[in-house]
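Below: one structure, written as structure tokens.
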Amino acid sequence: MGVLSNLQPERVFYYFEEICKIPHGSFHTDAISDYCMSFARSHGLRARQDASGNVVIWKDAAPGYDNGDTVILQGHLDMVCVKEDGCLLDLEKDGLRLVVEGDNVYAEGTSLGGDDGIAVAYALAILEDDTIPHPALEVVLTVNEEVGMLGATALDASDLKGRILLNLDSEDEGIFLTGCAGGATASGRIPVKWTEEEGVQYRVSIENLTGGHSGAEIDKGRANANVLMGRLLYTLMDEVDVWIASLSGGEKDNAIARFSHAEVVVGREQAAAFERCLEKTAEVIRREYAVKEAEMCIHGEKLGEGSTRVLQPVSASRVVLALVHMPNGVQKMEEALEGAVRTSLNLGQISLGEECFTAVSSVRSSLASEKDWLLEKLQSLAMLLGGECEITGEYPAWEYRPDSRIRELIVRIYEEQTGKKAEICSIHAGLECGILADKLPGLDCVSYGPQMRDIHTTGEVLSISSVKRTWELTLAVLAAMK
């Protein structure tokens, strides 16, 4: 018996639990891709798997639905893998430890991957059931969505006939998305040189921040640990002689950094002044984020004394100045849609290597010119500091379509089933609908899904009752497309 065996809809939760047994973080999706191909073969369904690992599965229309429009069901195979400090799971090798608590499913010590494992589970449950009425189906399961929608970008869509798409990659029940921001990943690299210094060694840590999705939560006022580390190091270096030995922070470019760590060396005679400055600055930062980041922890730990390899002063200054001056967060709000973010970026991941310091940002905008200008600013900053900035994973915005048949249908059925008013909006986070609409002219699509909370974090939960309601909605929409 599985942990989710008693939940309804039974086959949806069966496949979701099977998916959670298979490690499927971004760039590690071969096993889950192969699982989907094995599923197709065992159910006698035509399928293909491309070199990237994308999977497309076809199923003929149910009796009486031969004249219906072909529908594409779409989701992605990868998840954002994060875990709590002290969690011993290797998310490249181990499955998740699922827990049911009330109406919620979560994973012990890690993110859950409901984004977007639940879409895959819905699709497989529909494909296996020959009693469900539906038009011809094309199930498109992409890889590496969470790291720039690389799978959708690489997908050959020339054999897809469907021009109606149900994208099951949203996490707010009752909110139907009809547009999204375009984006890109910017990786700035600054060359560094090293030297040796004697002194007291410290580990400086910023931890226990809230984090979150850099599209959905970028406007919530949450702190970014990498940005705060830049401020902290700048202040410390302005007060005392500090040499940087190591620097790292964040886990994903599209997740707001929850932690950042640095190892530094301070002259013995300045150690006391360093500790006082660290505590004073930490208290200032904690006070500024007292409401949004009540659990924030900023502290220093003495590691010992001796000679340590550290950055040369010029390299250290360039690294810290990059962190201080790199734009981050909301850059512009939508003018015609109150409360909606138009342009933003997130400094999600930093690392200090042998030859260079790397800072990776996720850039988003629903206006291409603003996205391009922001990328130009990042490139010019890197160049000014003697480095370069590589732009990868660019994807187009998904523009609102005023005459959407599928939007009208799904909203009508949702309101009939629930008695609640549906909400139509665009999202600042990237969705694969934009890429697929670019590949499939005339595509009419909507993005929706069951209720989830705190995706991309260890607090991620999936609502059981919402999964059932969304399942019933999806089946009703397919049944109406005769």
Side-chain angles (χ1 to χ4, degrees), residues 74-76 78-80 114-116 118-119 142 145-149 152-153 165-185 211-222 252-256 329-346 348 362-368 370-371 374 393-402 404 406-407 410-411 414 421-438 443-457 460 462 466 470 473:
Q74 195 265 321
H76 60 86
D78 62 316
M79 65 174 284
V80 172
D115 174 17
D116 196 23
I118 196 63
T142 54
E145 187 268 354
E146 300 288 6
V147 287
M149 294 183 281
T153 301
L165 184 145
L166 300 177
N167 168 274
L168 289 152
D169 188 19
S170 295
E171 54 275 347
D172 290 298
E173 184 185 1
I175 298 179
F176 298 89
L177 304 179
T178 56
C180 73
T185 299
H213 189 285
S214 67
E217 278 88 34
I218 198 67
D219 61 338
K220 300 297 189 293
R222 299 176 182 177
K252 306 287 182 181
D253 68 286
N254 61 355
I256 300 171
V330 175
Q331 303 296 297
K332 186 169 287 189
M333 302 295 289
E334 288 283 6
E335 296 176 355
L337 189 60
E338 186 177 354
V341 179
R342 186 162 84 188
T343 304
S344 77
L345 74 167
N346 173 65
S362 177
V363 178
R364 307 174 191 270
S365 181
S366 56
L367 194 60
E370 288 186 1
K371 180 192 76 174
L374 197 48
E394 283 200 73
Y395 55 91
W398 167 29
E399 296 184 3
Y400 176 82
R401 176 174 173 153
S404 170
I406 188 60
R407 182 180 69 241
I410 198 169
V411 165
Y414 171 81
K421 182 71 174 176
E423 183 177 343
I424 305 298
C425 67
S426 294
I427 190 173
H428 188 57
L431 289 172
E432 293 166 304
C433 299
I435 295 173
L436 296 173
D438 196 49
L443 186 69
D444 187 6
C445 50
V446 64
S447 178
Y448 67 106
Q451 189 65 46
M452 288 178 257
R453 189 175 72 248
D454 294 328
I455 63 169
H456 298 188
T457 76
E460 180 182 3
L462 170 66
S466 182
T470 303
L473 171 64

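Numbers here are sequence positions counted from 1. Values below: every heavy atom of this structure, side chains too, minus hydrogens, waters and symmetry copies. Values in this document were obtained by computation on a predicted structure and should not be read as measured data.
A distance of 10.5 Å separates CG in Leu443 from CD1 in Ile406, rounded to the nearest 0.5 Å. Between atom CG of residue Leu436 and atom CG of residue Asn167 there is a gap of 8.0 Å, rounded to the nearest 0.5 Å. Note that CD1 of Ile424 is 7.5 Å distant from OH of Tyr400, once rounded to the nearest 0.5 Å. Note: Met149 CE to Cys433 SG = 9.5 Å, rounded to the nearest 0.5 Å. Annotation: the span from Leu462 atom CG to Asp115 atom CG amounts to 10.5 Å, rounded to 0.5 Å. We find the CG-CD1 distance between Asn346 and Ile256 to be 5.5 Å, quoted to the nearest 0.5 Å.
Between Ile118 and Met452 the shortest side-chain heavy-atom distance falls below 4.5 Å. With contacts defined as side-chain heavy-atom distances shorter than 4.5 Å, the pair Glu394/Lys371 qualifies. Under the 4.5 Å side-chain criterion, counting only non-hydrogen atoms from C-beta, Thr153 is not in contact with Glu432. Using a 4.5 Å heavy-atom threshold, the side chains of Cys445 and Leu166 count as separate. For the pair Tyr448/Leu168, a side-chain contact is recorded, criterion being any heavy-atom separation below 4.5 Å from C-beta on. Residues Val446 and Leu177 fail the side-chain proximity criterion, which asks for heavy atoms closer than 4.5 Å. By the 4.5 Å heavy-atom criterion applied to side chains, Ile175 and Ser170 are not counted as neighbours.
Checking side-chain atoms of Asp116 against main-chain N and O of Gly75 turns up no donor-acceptor pair under 3.5 Å. Between the side chain of Asp444 and the backbone N or O of Ser404, no donor-acceptor pair lies under 3.5 Å. Between the side chain of Arg401 and the backbone N or O of Arg407 there is no donor-acceptor pair closer than 3.5 Å.
Residues meeting the side chain to side chain contact (heavy atoms under 4.5 Å, CB included) test with Ala255, sequence neighbours left out: Lys252. Annotation: ring-ring contact (aromatic ring centres under 6.0 Å, His included) contacts of His213 (sequence neighbours excluded): His456. Not counting sequence neighbours, the partners of Ala422 by the side chain to side chain contact (heavy atoms under 4.5 Å, CB included) test are Phe176, Val411, Tyr414, Glu415. The side chain to side chain contact (heavy atoms under 4.5 Å, CB included) search around Ser362 returns Ser214, Asp253, Asn254, Arg364, not counting sequence neighbours. With sequence neighbours left out, Cys180 forms a side chain to side chain contact (heavy atoms under 4.5 Å, CB included) with Trp398, Ile427, Leu431.
Note on residues 166-178: pairs passing salt bridge (Lys or Arg N to Asp or Glu O under 4.0 Å), not counting sequence neighbours, are Glu173-Arg469.
A side-chain hydrogen bond (donor to acceptor under 3.5 Å, both in side chains) with Ser366 holds for exactly one of Glu334, Glu399, His428, Lys332; it is Glu334.
Shown here for Ser365 and Thr343, the closest heavy-atom pair between the two residues is OG-OG1, 2.7 Å. Taking all atoms of both residues into account, the shortest heavy-atom contact from Ser344 to Val330 is CB-CA, 3.9 Å. Residues Ile435 and Pro396 approach most closely at CG1-CD, 3.7 Å, considering heavy atoms.
Using a 3.5 Å distance cut-off with no hydrogens or angles, the side chains of Gln331 and Glu370 do not pair a donor with an acceptor.
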